[in-house]
Each structure stands twice: as structure tokens, then as C-alpha cells.
Amino acid sequence: MTEQALMEVMTAAANPRRGASRLRLLDPALIGAVLIAALIVLALVAPMVSGHDPALNNLAQRLQPPSGQHWFGTDQFGRDLFTRVFVAARIDLLLGLLGALIPAVIGIGLGCAAGYFGRWVGTIVLRLADVIQSFPNYILVIALVLLLGPGPKSFLVGAAISAWVTYARLVRGVVLRIRSNDYIAAAQAAGLGHRRVLTRHVLPNALPQAIVYGASDLVLSLGFLCSLSYLGLGVQPPAIEWGQIIAEGQTFLRTQWWISIAPGLAIIYVGIAVRLIAVGMERRTTE
Amino acid sequence: MIEAEASTSSKAGVLRIANLVVQAGRGQDMTAPVTDVSLDVCRGEAFGIVGESGSGKSLTLRAVIDLLPEGLRRSGGSIAVRLDEGADWVSDVATLRGRGISMIFQEPMTALNPTMRVGDIVTVGARAHRGLSRTQAHDLAVELLAEVRLPDPEAQVRKWPHQLSGGQRQRVMIAMALATDPKLLLCDEPTTALDVEVQDQILQLLDRIRRDRHLAVIFVTHDLGVIRRLCERIAVMYAGQVVEQGTVRDVFAAPTHPYTAGLLASMPTLDSDPAHPLTAIPGGQPDPRERRGGCRFADRCEHDQPDCHTMTYALGPVRGHASLSACRRADELTGALS
């Protein structure tokens, strides 16, 4: 009887939103997702909405403040900043996502292996993580730029090399805890090989926490991409990117402040939206 | 003794453990939580291993499918399994996981993967080995859930583990163990974590399944009541050793080791005399790191003599009894013990 009651409480706790539909609107993950979706839509249709070509120079219209014709103003070549900032979102969102996804896959894989097999596999992964962490990320990527040349490739390789470490440490810890559960022993006792036990029994239970961290890491990845582009080591013109627009506007910061402000706000906007998604997911996994 | 041997050899052996040693650590830190354990289990037989926590009973069981916890390893002795009469004995037991040997675990709350539905959990092993289709797996799951007497098996298949009670989870785990059609079922304290009423139902279920499927079942437990109800033969483990082995009837009627006698005296029964309180064995098991020579039970034994603390005595026959005992004074003590 007490067990039945306990199960009911646990089932209710597992579905906290059941019957509380007015709370659904306040779900941070949903708000974040809507914000990102809106940005993606605008990124795709911005040139049509504004009627300007993001790359078209118009020196007669250079350095215009925000107005009815140029909503975010224009830069030193007279290009429409509204169109440029939203078109830049295409590259920033895509590369930012890849910059988190690639290390996430590597880190989760290595973390699972380190936690599950332990012993020398764990030792190798942890020592490797120590080595990577002893280099500051930027130094590592600047070295890579010297090797591979500036561009998105250096950013992605740099992210893949450096950012997996946190995923691996996190997932290793989670897997160590999971491994002591009898369901892992039960899967092994049923004759499953290591690959099946890892993919079907360990990974699905470790993934939620890795994804929650991944949402925060996405913001870091975007910041990293924009910083590199700002320094001229990331995305190269004619491709349009936020960090690069900020760098172009820097010279005019005292007089034509709007050039750098618009992409800066865009980065903050994405940061807030992604953080909301992370908070929402965190709530779901801890409840 | 002679009688017991005759009765085992007439049945087909399924499991043979000889001089099993399980070790932890290396060099200076090396300890042996299990030393020199030998057992035989026959087809269709229910065999009980009883002992307190740390006696090595669970490790012995896990060694049978080569699933020792990390840091522990089998360092001596042999384990061999023969699934069919006339087949060869297999000593690479890891290959028999899910192919003739299954295991049931103690903690139903953590023994089911929370990210899988009940139907998938039950058929995990069967799908891996037999390549069942989706519908075949579903049908098998329904059939097995019916066999373990879960009401409305069609509906259970789609449930998640957190929607089930402890007893229901244990039934799901039994269904999972049966899915690969085992000949040998290992039960590690299968009812310890359950309510008393549920315990009773699960034990009945296991007993019925053993008879229906003609399974060899090993129960590891600290509960002598479970063993008395379900098992034909018993091994009593203490500090990593088997100290007494025999049929349940013989051991319960006339224990031949002071430790077994102490265990029986500490067990309440319906006909216990309320005037005589249950007795406890004073002290605790010796730490495996601090074992010295002599009988490991000697420090707690009320019948100990100076020789008991220095001379080791292995499991052997006792005069006038069918059971085997590791007590060097067994011959003279049996009258005093029962």
C-alpha cells in the first residue's frame, strides 16, 4: 500500500506538467526555443524583409544611423546592417552549433569509454584531458591558424581538440555512477557485448546531463567563434559573421556606435536564448 | 556422505566449482575474499548458499558467470558448466551469459534500465542472441510476463520501470532472466529488498518456474528461511570458505559445524519456545586482511580449543553424518550442536 502510494508520487513527480498547462507557457526551454526559431527564420528571410543586399556597397549611404530605410543603420561601405546581422546568423548559428557538437561527440565517446572500462582506458583519457587543459584554448587555436590558415576549419579543429575535455570529464563521472547500477550487470549477464551495453544501457542514461552541459557549451562555442573572427582568425570576408562586423565597426565606435552594437546584441540574444533552453532542460532532468 | 554422493551422481551435473579462489589487490595488499570453494549443482536442483555479508557468497555466484566487480579476479580453481546431459563441460563461462546461464539481482530499483520500456528490457538478451523481429520480441515479452504472473502483460510491455512497484520489477527481472531460456539460474538475494508479502510471492514464483522448466537454481541469501523453503542442498559460507555442506534436511536437523548451529539458533521459527530467547553469535567475521592460521571461526566459537586457533581443517566427512563439515572437532561435537 505504501509502495503504491510512493509510486504514484514518483509518477506525478516525473510528469510535473500534467494538468498544469498554464505553466507550460513559462517553460524556459520553450521560450528559448522560440527565440532561436525566430532568429533562424529572420536569418533566412532578412534580405527579402529589408529589401537590401547584405554585400552591396553603397558609398552614398555610408555610416548612416538607424532610420526607417536602414533599421540598424549602415557600415562604412553603406551596406545595410539589419540585413548583414541577420544573414550573419546563418554562419554563426551553424558554426557555433558544430563547434559544440563535434567536441560533444568526441567527449561523450571518450568519457563513456573512460568511465565504463576504467583502468588504463580511463587513465589515458584523463591524462590526455590534463595535457589539453594545460594549454589555453586561444593559444592552441592561434597555433592551429598558423598551421591550417585562418578560417572556419581552424575554429572547428580547435574546438574539437580543446572543448571535448569538459564533456569527457563530466560523462566519465556520470558513467562511473551508472556502472554501479545492477542494470548494467544485468545487461552483461544477459550476454550483451561491451558495445551494446555502452550504446543501449550506459549512453542513454548519461546523455541528459551531457546535453544540459552542451547547451551551455554552445554559448561558449559561439563566443569563441566570434572572438576568433574579431581577431581576423575565424570566418573570412566575404562571408558575413558577427565578430567580423564588430571588428569593422570598432574604428567608428565613438561616432557610429550602431555598427558594433547590432551584432553585439545578436550574440547576447543567442546567449540568453540558449541559456534558457539549458535551464529548462536542467529542470527536466533534475525533477 | 555416501548416500549424498550417490544421489548427486544419479542426476546430471550442471555446474562444477572446484577450489575457487577470488582475489583482490596485488602484492602486499592482496586479500582473498573467497578461498577454496567447491560446489556441484545438478539439473533441476535448487541449491542454497547462505552466509553473512562479506562471507563471499555473492562473489562465488558472480564468479560463475565471470561478472566479478572491478578489482576482483578469479585467481585459482576451476568453474565448469554443462548445459545438456552428454554435452562437454564449458569452462569459459563468460560465453554462456544469456546462452544458458541467467542471473537475478538483489535490488529491483536499480536492476532495470530506466531508459528502456519493460518489453525491451525483458527481451534484451533474447534479441541480442536470436535476432528476433520486433513482433517476435513483443510476443516473447508478453508470453514471459504472463509466465511471471504480471497481470495484463500486453499493457506492461509498454510501461517504464518507474511505473512499477518493487515486486513487479522483480517479476520483470525474472522474465528477463528467462528470456534466454537458461538451464542455470543464479539468484543473488532475490527477495532481500522486498516487503515480506511480496517476498513470499516471488519465492513461490521462482520455485514454480524451477519445477516447470526443470532449471538448476542457486539461491544466495542470508535468510535461512528462504533456503529451508526452496532448496534441496545448502552450503554455509563463512569468511570466504564453505564451512558446511549437505542436504537441507540433514543440515537443519543436525548441523555439524558450530557456525551453522549458531545460525540456526539465531533463526526464529513458528515452534520456537518463547521462553528461550534467540541467541546471537558474538563478534564478527575476521577481516580478510587479518586472517591468521587455524579455523576462521575459532575466535567466535564456544567450542574452541587451543588447536583450533593454529590448525587448519578443510571441508570433510563427519562420522555418522551425510553432511561435510570444516570443523576439526565435528565428530565429537555433533551431539552438542543439534
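Chain A is the first sequence line, chain B the second, and so forth, proteins listed ahead of strands; every chain is numbered from 1. Computed from a predicted structure; not experimentally measured. Just the heavy atoms: all of them, side chains too, but no hydrogens, waters or symmetry mates, feed the values below.
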Under 4.5 Å to a heavy atom of chain A? For B:I101 that would be backbone
May I ask you to decide whether B:E107 forms a salt bridge with B:R169, counting only side-chain N to carboxylate O separations under 4.0 Å? no
Chain A interface, residue from B:R127, B:M116, B:R99, B:M103 that has the most non-hydrogen pairs under 4.5 Å: B:M116
Donor-acceptor check, side chain of A:S221 to backbone of A:D217, threshold 3.5 angstrom: yes or no? no
Could you look at B:I65 and say if it's the side chain, the backbone, both or neither that has a heavy atom under 4.5 Å from chain A? side chain
Test applied, side-chain hydrogen bond (donor to acceptor under 3.5 Å, both in side chains); reference residue, B:H222; option that passes from B:E52, B:E189, B:K57: B:E189
Given the options B:T95, B:I104, B:T180, B:L112, which has more heavy-atom pairs under 4.5 Å with chain A than any of the others? B:L112
For A:H194 and A:Y116: C-alpha separation, side-chain torsions, deciding distance, then whether side-chain hydrogen bond (donor to acceptor under 3.5 Å, both in side chains) applies. CA-CA 9 Å; A:H194 290 316; A:Y116 181 75; 2.9 Å; yes
Contact leader toward chain B among A:A187, A:P204, A:A186, where contacts are heavy-atom pairs under 4.5 Å: A:A186
Return the option, out of B:T115, B:L186, B:N113, B:D188, with the maximum number of heavy-atom pairs under 4.5 Å with chain A. B:N113
Does the pair B:R74/B:D92 count as a salt bridge with the N-to-O cut at 4.0 Å? no
Check each atom of B:M173 against the heavy atoms of chain A and say whether the ones under 4.5 Å are side chain, backbone, both or neither. neither
Under a 4.5 Å heavy-atom cutoff, which of B:P182, B:G125, B:P114, B:S102 has the most pairs with chain A? B:P114
Counting heavy-atom pairs under 4.5 angstrom with chain A, the leader among B:P69, B:G98, B:A94 is B:G98
Has B:Q170 got a side-chain atom pairing as donor or acceptor with B:P190's backbone, closer than 3.5 angstrom? yes
Please walk me through it: do A:L192 and A:R200 pass side-chain contact (heavy atoms from CB on, under 4.5 Å)? CA-CA 10 Å; A:L192 300 200; A:R200 302 239 22 216; 5.7 Å; no
Interface check, chain A: of B:T110, B:D120, B:L96, B:D66, most non-hydrogen pairs under 4.5 Å belong to B:T110
